Amino acid sequence: MATVEHTDGTAEAAPPTGGEGHRRRDFINVAAVSFAGVGGLAVLYPLINQMNPSADVLALSSTEVDISRIQPGQAIKTIFRKQPVFIRNLTPAEIQQANSVPVGDLRDPQTLAERTRDGKANWLITMAVCTHLGCVPLGAAEGENRGEYGGYFCPCHGSHYDTAARIRKGPAPKNLEVPEFEFLSDTVVKIG
Amino acid sequence: MSFPWAQAYEPKAPLMKWLDQRLPLPRLVWNSVGGGYEVPRNLNYMWNFAVLAGFALMLQIVTGIVLAMHYAPAGDLAFESVEHIMRDVNQGWLLRYAHANGASFFFIVTYLHIFRGLYYGSYKAPRELVWMLGLVIFLLMMATAFMGYVLPWGQMSFWGAKVITSLFGAIPLVGEPIQAWLLGGFAPDQPALNRFFSLHYLLPFVIAGVVILHIWALHIPGSNNPTGVDIKSPQDTVPFHPYYTAKDGFGLGVFLILFCATLFFAPNYLGHADNYIPANPLSTPAHIVPEWYFWPFYAILRAFTVDFILPAKLWGVVAMFASILLLFFLPWLDTSPVRSGSYRPRFRQFFWILILDVLILGWVGGLPAEEPYVMISQIATMYYFAHFLIILPLLSKLERTLPLPNSIAESVLHGEKRESVPYGVQAKPAE
Amino acid sequence: MVRLLGALVGLGFLLVLAISLVTGITGFFREPPTETIEHKFHQDPKHVSFSFDGPFGKFDRQQLQRGFQVYKEVCAACHGLNLVAFRNLADLGYEEAEIKAIANQWAIEVPDINPETGEPTMRKAIAADRFPNPYANEVAARAANNNAMPPDLSLITKARHHGPAYVYSLLTGYQNPPANLPKEARPGQGLYYNPYFPNLNLAMPPPIAADGQVTYADGTNPTRDQMAKDVSAFLTWTAEPFLENRHRTGIAVLLFLLVATVLAYLSYRQIWASRKH
């Protein structure tokens with residue numbers, strides 16, 4: 001806060017004010033500067049908040065997908081919040097393979113049942129975003145490298161995911177993320 | 001430079017001492033807008049507008065940068081992206097209205113700043129370069145504002161761009177190639193929009209650079225003051241901080257109240273309804289006008305209706321540019337040794353006629369080009385040129401000025417009573 | 001030298017301006033400008049008050065819903081609303097399920113691409129969609145409307161002077177042409193006389209033709225005046241959906257600024273108290 005006691009010896013300078021006046025004077029100056037500070041901070045809010053996702057981006061936060069044409073063993077890629085999603089129809093062999101793994105040995109322990117919906121264990125829906133640094137793993141399309149554990153393989157830094165899309169080998173710390181989803185009917189799933 | 005009695009910067013904290021020896025930024029601030037810059041003690045509220053113009057420039061730069069994060073300078077997306085800002089971006093409406101109205105308020109305070117300089121003779125020696133750099137800022141502001149108004153790509157944006165670039169088409173021989181070069185085509189379209197966006201982003205930073213030169217040049221002789229007499233002694237001045245920081249703080253508060261009242265309760269009052277219609281190259285709005293701050297110049301442009309030696313169109317364009325360019329010569333057109341209008345009774349009368357004249361030009365510039373408005377604009381334009389090119393030079397020869405106070409302190413402390421023979425030479429002491 | 005040249009330039013401009021002025025004046029007296037027909041018969045919008053007027057104004061949600069109903073049942077056949085999304089209807093007080101139903105049942109479908117064949121196709125609208133345009137493009141719109149383009153209504157109340165009052169006046173302003181209207185200004189084939197329209201004659205047939213044209217869900221009496229007012233309010237919301245937020249923020253900001261400015265003034269006076277100036 002600025003001092004107001006500038007004295008340069010000018011002849012007409014007023015006599016120094018007493019202690020009482022001095023305190024009141026300081027109080028007003030402090031209050032004025034405080035208000036300016038609060039106002040300045042308040043202005044920062046819109047300037048920062050404008051960079052958050054806008055209303056139209058948030059409105060697209062759910063996607064409905066028709067899964068009736070995905071045969072067992074097949075997978076598709078779709079888009080949810082501008083990010084790819086895998087929807088895989090697991091074969092009984094793949095389900096069995098996933099269930100036979102001891103959960104305790106996993107880096108990110110989760111059972112297949114925890115990653116799917118009751119009665120629809122064959123529908124594995126995960127984000128197609130490697131939990132390492134965000135590449136899209138291979139394994140959804142026919143003939144792509146599915147890694148050493150028969151699920152997905154991320155070629156960027158060599159992360160291997162198993163048939164339940166759990167991380168088994170490589171640098172990724174977590175299983176492929178399961179987004180919020182629900183079955184609207186047997187053939188339509190809503191993600192988000 | 002500063003006055004010998006200005007307080008020197010003396011860092012107290014060890015950190016500030018350390019910094020001062022390596023990067024004396026606090027010293028620069030202290031000497032420019034702190035306790036080290038001595039300012040005449042008698043500045044009135046008309047001296048608030050420089051700081052307010054600086055504030056408006058910062059406001060435009062800050063809001064402009066965040067708007068550019070959402071705006072798309074593409075012909076088929078520009079209008080839509082502006083509406084996206086208004087509707088979907090968080091507080092986007094606030095930022096965009098602040099930017100749009102901020103331009104108007106920038107011009108309001110700049111015009112007041114310019115008229116203050118005109119009244120108090122702030123353009124006279126030794127401040128000619130301060131004045132000329134200010135005019136450069138004003139020209140850059142006009143270019144920036146014009147290009148910014150094109151960006152929303154509404155009807156007024158499009159037709160404004162078309163009309164203003166057609167001005168250059170009036171230049172003989174090279175006019176049309178210049179117009180095509182400016183637009184990157186034969187009518188405003190994608191190339192024009194993209195380059196206007198680029199330049200609209202660039203020019204404010206050029207303005208900020210010229211502002212620094214403007215302030216630098218000002219700080220050599222120091223600020224002018226309402227009496228127009230030079231600073232002579234420590235009794236004439238006070239340090240900028242806290243005296244004028246406090247006064248400018250109050251001025252800023254008043255400015256913000258008026259600005260926010262407009263922004264929140266009449267955000268489209270200064271704009272034009274047609275600009276909420278997407279650009280349509282096939283249909284011109286019934287009545288196209290530029291933004292209000294160009295109206296006086298627009299009136300001058302339209303005042304020339306007769307081909308005389310040169311085509312009327314060229315006369316209008318030349319006169320419009322001349323109306324601003326002549327201000328660069330003002331320090332040599334008005335040679336009266338007395339700066340302040342307060343001591344020039346005749347000048348003062350003509351000054352107020354000029355103010356009225358510019359207001360009339362602004363009024364008719366916003367109206368359709370119909371009679372009797374065209375005749376009014378012709379008379380007002382005649383006065384505008386006569387004022388600067390004929391009346392002021394004559395006045396500076398013929399006028400009997402009032403006696404000046406010997407010093408700023410004298411005028412402040414003793415009212416009109418004088419201690420010795422005042423500067424006004426032949427004039428007899430005022431009663 | 002500067003002054004001599006300046007004076008010559010100034011005299012040059014004055015000469016040309018004087019010639020222009022004399023030409024203008026003689027022309028003015030030889031052929032006094034006649035009042036145009038539009039100027040004589042055009043009327044300014046009627047005075048009408050809305051709940052959102054003034055700095056404390058708020059939207060009347062019931063009125064907006066009624067206005068939306070009028071738009072849906074009357075205007076939407078020809079006029080788009082392409083800057084507004086179905087999801088925005090939440091502002092009017094509709095529940096999410098209602099909005100989905102409105103989108104799903106909207107008479108105009110949304111262009112899409114068949115995911116199997118890649119052929120262009122149409123699908124039902126969803127909440128995130130904007131209101132679909134009634135015409136595929138401007139040519140189609142003109143072809144269907146006697147070469148008159150029905151404008152998009154999203155911003156209509158901001159794109160016209162006195163927006164809501166203008167829309168209200170236009171909707172209620174259809175009338176028989178006055179007897180003294182010159183022949184050339186009489187509405188031609190497919191045009192309708194309306195003194196609130198700048199050209200006096202417009203191609204839009206009176207959209208709100210009779211009382212009771214829509215049946216309001218909230219039981220309000222659907223007079224023509226009521227319907228015109230409601231849809232004007234709705235179109236004010238489509239143009240400025242953040243109006244209430246703007247008013248609310250504005251009041252708070254101004255109160256803050258008033259206090260801050262009073263403090264700044266007191267501080268300024270204190271600092272200058274010992275200085276005559």
Side-chain angles (χ1 to χ4, degrees), chain A residues 1-64 79-83 192, chain B residues 3-7 30 33-36 38 41 58-59 61-71 80-81 83-99 233-246 248-250 252-253 256 260 409-410 412-414:
Chain A
M1 181 55 217
T3 168
V4 296
E5 288 163 303
H6 173 73
T7 49
D8 56 5
T10 47
E12 74 289 358
T17 37
E20 186 63 26
H22 195 142
R23 269 199 300 282
R24 194 173 63 115
R25 208 159 68 162
D26 272 357
F27 168 75
I28 286 172
N29 293 330
V30 169
V33 171
S34 310
F35 259 75
V38 170
L41 285 177
V43 167
L44 285 181
Y45 172 70
L47 292 177
I48 292 168
N49 193 33
Q50 52 87 19
M51 282 173 74
N52 276 322
S54 58
D56 57 326
V57 172
L58 296 175
L60 289 172
S61 59
S62 71
T63 306
E64 289 178 18
I79 298 279
F80 165 60
R81 287 188 172 173
K82 304 271 170 191
Q83 298 201 90
Chain B
F3 299 98
W5 57 88
Q7 292 178 82
W30 171 267
V33 291
E38 291 286 332
R41 62 190 302 173
M58 294 315 295
L59 176 82
I61 289 179
V62 169
T63 52
I65 285 172
V66 298
L67 288 171
M69 294 180 188
H70 304 281
Y71 171 75
E80 180 120 338
S81 71
E83 280 303 313
H84 164 70
I85 290 168
M86 297 291 277
R87 289 157 192 271
D88 290 333
V89 172
N90 300 303
Q91 283 88 40
W93 59 270
L94 175 60
L95 298 167
R96 195 230 159 190
Y97 275 158
H99 196 70
S233 74
Q235 286 157 42
D236 292 341
T237 64
V238 291
F240 189 84
H241 180 73
Y243 290 95
Y244 285 109
T245 42
D248 284 331
F250 169 56
L252 183 63
L256 283 175
C260 287
E410 186 189 272
V412 171
L413 301 174
H414 304 286

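Proteins get letters first, then strands, A, B, ... in listed order; numbering begins at 1 in each. The structure displayed is predicted, hence computed values, not measured ones.
At most 12 heavy atoms of other shown residues, nucleotides or ligands fall within 6.0 angstrom of atom CE in A:Met51.
Distance check, rounded to the nearest 0.5 Å: CG of B:Leu67 to CD of A:Gln50 gives 8.0 Å.
Nearest heavy atom pair, residue B:Asn90 against residue A:Pro53, reads ND2-O, 3.3 Å.
Remark: A:Phe35 engages C:Phe256 in a ring-ring contact (aromatic ring centres under 6.0 Å, His included) (not counting sequence neighbours).
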Inset, instruction - Give the C-alpha distance, both sets of side-chain angles, the deciding distance and a yes or no for side-chain contact (heavy atoms from CB on, under 4.5 Å) between A:Leu47 and B:Leu95. - result: CA-CA 8 Å; A:Leu47 292 177; B:Leu95 298 167; 3.8 Å; yes
